[in-house]
Structure formats: C-alpha cells, structure tokens
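The first residue of the sequence shown is numbered 1, and numbering continues consecutively from there. Keep in mind it's a predicted model, so treat the numbers as computed, not measured. The basis for the numbers below is simple: all heavy atoms, side chains too, and nothing from hydrogens, waters or symmetry mates.
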Amino acid sequence: MSENNVSEFNIRMMVYCALFTALIIIGGYISIPIPVGPVPVALADFFVMLAGLFLGFKYGLISTVLYIALGALGLPVFAGGKAGLAVIAGPTGGFLFGYLFMTVSIGLIAGKRKPSVVINLIALIAGNILLYAIGTPWLKFSTNISWTAALAAGLTPFIAGIVIKIAAASALGRVLLPRFKQNMVSASAQTETGKGV
C-alpha cells in the first residue's frame with residue numbers, strides 16, 4: 001500500500017509538471033516580435049509564473065528545467081518555435097535562465113504559505129524582478145549594446161505586459177490555488193499515511 005500511494009503521488013506530480021511544461025511551450029508559441037530588439041512579447045513567462053505559484057519550488061523548477069532541456073535538445077519549444085543551444089547562449093538566453101530563478105523565487109515565497117493575494121503578488125513581483133535582472137544584462141553583454149539600448153529592447157516594452165500578467169496570475173491564484181493546494185495536501189497526506197502502513 002505504501003509503494004502504491006507514493007507511486008500515485010509521484011505520478012500525479014509528474015503529470016502536473018508535464019502539463020505546466022506544455023503550457024510554457026504553448027506560451028512560447030504565442031509570441032509577437034517587436035522591432036526594438038530580439039526579445040519577443042510572449043506568454044511563456046506567464047506560465048512559468050503559474051508553475052512556481054501552483055507547483056511550488058521543487059516541481060515548478062522541474063517543469064521549467066524540462067522546458068529548457070527540451071529546447072536545448074533541439075525541439076522547437078522556445079519563443080517563435082526556435083530551439084537549440086544557440087538560442088540559450090544567444091541574446092534571449094538570459095531570460096531562459098531567468099525563468100529558473102523566477103520559478104524558484106515564486107515557489108519559495110508562495111509555496112510554503114497559505115494562499116494569500118498579498119503573498120502571491122509579492123512572489124510574482126519578485127520573480128519578475130529576477131527574470132529581468134538576469135535577462136536584460138545578458139542581452140546587453142551578448143549583443144554589446146549600451147544599457148539604454150538594452151533597457152529599451154529588454155525591459156521597457158514589456159512593463160505593461162508584466163503588470164497584466166502579474167494581475168492575471170494573481171487572479172488565477174486567488175480563484176484556483178486554494179483548491180489546488182488542498183488537493184496536493186490531500187495527496188501528500190495519503191502518501192504519508194501509506195508510508196506508515
């Protein structure tokens with residue numbers, strides 16, 4: 001019984017990880033190139049936020065790592081259907097690595113606490129700060145442009161979108177997260193009960 005419960009919980013979490021990885025991929029395909037630089041407007045970061053918010057630190061990170069690993073292996077999962085190590089090492093690579101830090105920060109801040117709009121907002125804002133704190137300097141140094149140009153290409157055009165995505169993620173968290181976390185706690189409790197049998 002113990003092994004069955006543990007296996008059921010692990011399968012459930014892997015399904016969630018795969019689901020969020022798929023959502024991040026879909027979000028990458030929903031992208032709009034902008035004329036001021038190589039960084040497109042995309043929804044991948046929105047689903048990375050949700051992965052950290054809903055799955056927490058560990059499983060959110062697994063989901064995001066899987067997304068980057070698939071792209072590194074050559075599957076066209078990055079924004080605009082791009083793929084490969086050249087994308088990771090290129091001007092937008094900092095944002096891909098930033099996704100990892102975004103997921104970790106959101107998961108650590110929001111994952112261990114009772115769902116709260118304020119905590120979720122703090123987590124989402126902190127995650128976005130880390131994302132752009134990594135992505136924008138990477139863009140600057142990889143393209144050898146000025147800080148003004150890097151901010152114009154890698155931050156300024158996205159500010160309105162960041163606010164909208166944070167608001168949307170927060171709203172989804174408020175509506176769906178308490179029930180989602182309750183389901184995860186129930187599954188975890190069943191696993192712990194099984195271990196004791």
Problem set entry | Inter-residue atom distance Leu19.CG - Met13.CE, 0.5 Å rounding | 11.0 Å
For this session: List the steps and the verdict of side chain to side chain contact (heavy atoms under 4.5 Å, CB included) for Leu43 and Lys165.
Result: CA-CA 8 Å; Leu43 285 181; Lys165 291 173 189 176; 4.0 Å; yes
Problem set entry | Approximate separation, where rounding is to 0.5 Å, of Ile68 CD1 and Leu100 CG | 4.0 Å
For this session: Would you indicate whether the side-chain heavy atoms of Leu53 and Asn120 approach each other to under 4.5 Å?
Result: yes
Problem set entry | Note, Phe46 side chain near Ile24 side chain (heavy atom, < 4.5 Å) | no
Exercise. With a 4.5 Å heavy-atom cut-off, do Leu130 and Tyr99 have their side chains touching?
Worked result: no
For this session: State yes or no: do Ile134 and Trp147 share one hydrophobic cluster built from I, L, V, M, F, W and Y residues joined by side-chain heavy-atom distances below 4.5 Å, directly or via other members?
Result: no
Exercise. Side-chain contact, heavy-atom cut-off 4.5 Å: Phe57 with Ile109?
Worked result: no
Exercise. Is Pro91 close to Thr143 at the side-chain level, that is, under 4.5 Å between some pair of heavy atoms?
Worked result: yes
Problem set entry | Spacing of SG belonging to Cys17 relative to CG belonging to Leu55, to within rounding of 0.5 Å | 5.5 Å
For this session: Dump the intermediate steps for ring pair (Phe, Tyr, Trp, His ring centres under 6.0 Å) on Phe20 and Tyr67, then the final yes or no.
Result: CA-CA 9 Å; Phe20 275 93; Tyr67 164 70; over 10 Å; no
For this session: Report the C-alpha distance between Phe180 and Tyr16 in whole Å, list the side-chain angles of each, state the deciding distance to 0.1 Å, and finish with yes or no for side chain to side chain contact (heavy atoms under 4.5 Å, CB included).
Result: CA-CA 11 Å; Phe180 183 85; Tyr16 285 142; 3.8 Å; yes
Problem set entry | Stepwise side chain to side chain contact (heavy atoms under 4.5 Å, CB included) check, Leu70 with Ile25 | CA-CA 10 Å; Leu70 290 172; Ile25 292 169; 4.1 Å; yes
Problem set entry | Tyr59 ring center near Phe54 ring center (under 6.0 Å) | no
Exercise. Should Leu124 and Val118 be regarded as members of a common hydrophobic cluster, given that ILVMFWY residues are connected when their side-chain heavy atoms come within less than 4.5 Å of each other, either directly or indirectly?
Worked result: no
For this session: For the pair Ser170 (side chain) and Leu121 (backbone), establish whether a donor and an acceptor sit closer than 3.5 Å, ignoring hydrogens and angles.
Result: no
Exercise. Can Ile164 be reached from Leu50 by stepping across I, L, V, M, F, W or Y side chains whose heavy atoms are under 4.5 Å apart?
Worked result: no
Exercise. Pick one: which of Leu131, Thr103, Ile106 meets side chain to side chain contact (heavy atoms under 4.5 Å, CB included) with Val48?
Worked result: Thr103
Problem set entry | Considering all heavy atoms, the nearest Pro76-Gly81 contact | CB-O, 3.1 Å
Exercise. Can you check whether Met49 reaches Asn128 side chain to side chain, under 4.5 Å on heavy atoms?
Worked result: yes
For this session: May I ask you to check whether Phe95 and Trp138 place their ring centres under 6.0 Å from each other?
Result: no
Problem set entry | Leu172 reachable from Ile119 in the ILVMFWY side-chain graph, under 4.5 Å edges | no
Exercise. Nearest heavy-atom pair of Ala150 and Lys140: which atoms, and what distance?
Worked result: CB-CB, 3.6 Å
Exercise. Does any non-hydrogen side-chain atom of Val41 lie less than 4.5 Å from one of Ile34?
Worked result: yes
Problem set entry | Under 3.5 Å donor-acceptor, Ser105 side chain and Met102 backbone | yes
Problem set entry | Leu75 reachable from Phe47 in the ILVMFWY side-chain graph, under 4.5 Å edges | yes
Problem set entry | Distance, nearest 0.5 Å, that separates NZ of Lys58 from CG of Leu61 | 11.0 Å
For this session: Determine yes or no for a side-chain-to-main-chain donor-acceptor pair under 3.5 angstrom, with Thr21 supplying the side chain and Ser63 the backbone.
Result: yes
